[in-house]
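Below is one structure, written out as structure tokens; comments come after it.
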Protein chains: 2
Amino acid sequence: MDQVTTDTPRRQPTLDEVAERAGVSRSAASRVINNAPHVSRAKREAVRRAVDDLGYVPNATARALATKQAGSVVLAISGDDPAMFADPFFAEVVVGVNAVLEETDLELMLSLATSTRGQARLEQLLRTHQAGGVMLMSLHGDDPLAALAQQASVPVVFGGRPLNIEARYYVDADNRGGARLATEHLIASGRRKIATITGRIDEGAGIARLQGFQDALAVAGLDNSLVEPGDFSEDGGGTAMGRLLDRAPDLEAVFIASDQMAIGALRTLARAGRTVPGDVAIIGFNDIPAARHTTPPLTTVNQPIEALGREMARMLLSLMSGKEPSPLILPTRLIHRDSA
Amino acid sequence: MDQVTTDTPRRQPTLDEVAERAGVSRSAASRVINNAPHVSRAKREAVRRAVDDLGYVPNATARALATKQAGSVVLAISGDDPAMFADPFFAEVVVGVNAVLEETDLELMLSLATSTRGQARLEQLLRTHQAGGVMLMSLHGDDPLAALAQQASVPVVFGGRPLNIEARYYVDADNRGGARLATEHLIASGRRKIATITGRIDEGAGIARLQGFQDALAVAGLDNSLVEPGDFSEDGGGTAMGRLLDRAPDLEAVFIASDQMAIGALRTLARAGRTVPGDVAIIGFNDIPAARHTTPPLTTVNQPIEALGREMARMLLSLMSGKEPSPLILPTRLIHRDSA
DNA sequence: TGGTCGACTGGAAGCGCTCCCGGTATCCGG
DNA sequence: CCGGATACCGGGAGCGCTTCCAGTCGACCA
């Protein structure tokens, strides 16, 4: 009974109703809602009163249609594996993005553009102007999305510098610097026979980390031929480590382009009877939570993931407000634990 | 030069333009876009041709305004810690949700309703009808959002059964059953002096896991007074374990309501010179990735997180299409590793 | 005191789409 | 050959909001 009378599915009140109740024109009401000038103090207050009497909330859709600007931005994760997003990395990015979006009144749409269907949906999203801007992450080499986004009519910022196109706006972590730091640390500890397991070399991060590795070896004048390709996965790291052991049973250290792979590598190392860091020193990359719990705890390079999210969002915001931000490279740093 | 002429920022073509070019009325054009009946084969084709000549894409906002139904749903995570979303748990939920949404043409909005600001934003989202439905997760006891969502005018499904309100639509994991399973396993292995570290007992999952623990102890006729409150965090688990050791130095097993806490507990156990599972057996909950890499690898109870996401989305979809789905409880299962 | 200026005000024209509805052409059985 | 279904078709009225614009009305200066 009460139910029925009290929360009868009342339509949301419209601006007209507010205006009528306040005894002003719709235009006037609109002005006070958007607190624009040119409305007398009296009317302004009348409208405000009407607004909370009625519990009025502006209809975002109508507003978007009228102003031709969407109230949301999208964070798109591109890739080929549907479950890739499960990587805690992205969750942290989201937290960062959210932190800055929360200050605005933009909503966040998430688009997992894995699968052809997903990509089509993202394209749709870009073209329908449903969103006011896009943050695009983790596309590999020949990702068609990059080009597509590039020519979209909304602002786009890339997370990680894309390789196949000339991106103007991106924020990236200093992957190359971090890899170099790690490798230098290995060298400084007296190791000479140093290998690497790379990430996917069709991704910017994978390439950059390999370059950093080579940089360090070059200045030290060391052999840099000991590289095995990986794919960022635990299993991939394990088998790559196996190949490395075959090629160079006497290796002393390996820089591994992701912690996941490092975990796999640790496992095959243990199986092969090698001690870490006694026989071989290991340094990973990413500083994932699990890295603290491996045996031994993994020395790794940390990147400011949440900051990356924050900066992407900030960059997009400034782009959307007509500015022309510069690309940003975020610092990485070595986390000393026990594996090196 | 080329630039300027080729991608001059052409406005997206409108339905009127398509209609004109195809030589039909706007209504007819609309019909073929939404492939509704009552349009001749000839016109239908003319329109289709015009559509891809012009590269027409319907404006989602206008459509939403006209039909009064939004093209998106929101996944809201409520809580008090802004970084809580970083828990890989949610990422996996998102993957599940995305999987089913991908089949539709609904977009996913993410709302991290941590912080007062965030909650206000979510409330806004609910009231402006920007979204066609909501999936709400992880609210603790007195979460105002639950009530708010309940009286929202859009369909709501809860992830995890909320405690302070009578929810009609929710999907949850069988936390109680899982906890019971774990505890029974402990008992079956011959342990008698069994303790638990609970999760937050203002959350449904926390309570249910405690109940499952007590269930098992009750049927075995064992003492169930050894419970220490935790908060789902690693540190919380560590200190709770400390308190347990003080209270009952001779305890033989402990069921811990989350892997994070179990990791903390493992650490203080090691510091106290206790071996696992020799001196004390440990079982965690959640089966997080890091649980495979602790020493010893953690026996834990797994819940089908991605499925939880999928089912929430499915339930929301059916709700939105006017059906009346029943609540769903997803099975949990024990993962045998080495800590028990 | 006439004229000018600027702060207000509300009417009205959209934004791009859907969908109701009255109207015309076509086709069928009887 | 005729009445009435049945397939099409396009006009037009919105959806709820913003924003341009022409018009009021005091205030203020010379």
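Chain naming here is simple, since letters A, B, ... match the order of the sequence lines and numbering starts at 1 in each. Values below: every heavy atom of this structure, side chains too, minus hydrogens, waters and symmetry copies.
For Glu45(B), the salt bridge (charged side-chain N to carboxylate O under 4.0 Å, His left out) test picks out Arg41(B), with sequence neighbours left out.
The shortest distance between side-chain heavy atoms of Ser72(A) and Leu108(A) does not fall below 4.5 Å. Residues Pro327(B) and Val171(B) have side chains not in contact (no heavy-atom distance under 4.5 Å, counting atoms from C-beta outward).
In this structure, of dC17(C), dT18(D), dG10(C), it is dC17(C) that holds the atom nearest to the side chain of Thr14(B).
Rounded to whole Å, atom P of dT19(D) lies 12 Å from atom CG of Leu15(A). Atom CG in Asn35(A) sits about 17 Å away from atom C1' in dC8(C), given to the nearest Å. For the pair Lys43(A) NZ and dA7(C) P, the computed distance is 18 Å after rounding to whole Å. Atom P of nucleotide dG16(D) and atom CD1 of Ile33(A) are separated by 15 Å, given to the nearest angstrom. Rounded to an integer number of Å, the gap from Asn34(B) CG to dT18(C) C1' is 8 Å. Here dC15(C) presents its C1' atom at 11 Å from CG of Asp16(B), a figure rounded to the nearest Å. At whole-Å resolution of the value, CZ in Arg26(B) and C1' in dC20(C) are 13 Å apart. Atom CD in Glu20(A) sits roughly 15 Å away from atom P in dG16(D) (whole-Å rounding).
If you check every strand for non-hydrogen atoms under 4.0 Å, Thr67(A) touches sugar and phosphate atoms only. At a threshold of 4.0 angstrom between heavy atoms, the contacts of Ser27(A) include nucleobase atoms, whether or not backbone atoms are also involved.
Remark: the backbone N or O of Pro58(A) is not paired with any side-chain donor or acceptor of Arg63(A) at under 3.5 angstrom. At distances below 3.5 Å, at least one donor-acceptor pair connects side-chain atoms of Glu17(A) with backbone N or O atoms of Thr14(A). A distance-only check finds a donor-acceptor pair linking the side chain of Thr128(A) to the backbone of Gln124(A) [under 3.5 Å].
Residue whose closest nucleotide on DNA chain D sits further toward the 5' end, between Arg31(B) and Leu65(B): Arg31(B). Take the nearest nucleotide of DNA chain D for Lys68(B) and for Ser25(B): the residue whose nucleotide is more 5' is Ser25(B).
In summary, Glu103(A) and Arg117(B) do not engage in a salt bridge, as defined by a charged side-chain N under 4.0 Å from a carboxylate O.
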| Full working for side chain to side chain donor-acceptor pair (under 3.5 Å) between Glu324(A) and Tyr169(A) | CA-CA 9 Å; Glu324(A) 296 247 339; Tyr169(A) 309 108; 3.2 Å; yes

| task | Step by step, work out the side chain to side chain donor-acceptor pair (under 3.5 Å) result for Gln130(B) and Thr61(A). | result | CA-CA 6 Å; Gln130(B) 238 179 120; Thr61(A) 310; over 6 Å; no

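Overall bending of the helix from dT1(C)-dA30(D) to dG30(C)-dC1(D), expressed as the angle between end axes built from five pairs apiece, is 40° (10° steps).
DNA chain C is contacted by no residue of residues 44-64 of chain A, taking any non-hydrogen atom closer than 4.0 Å.
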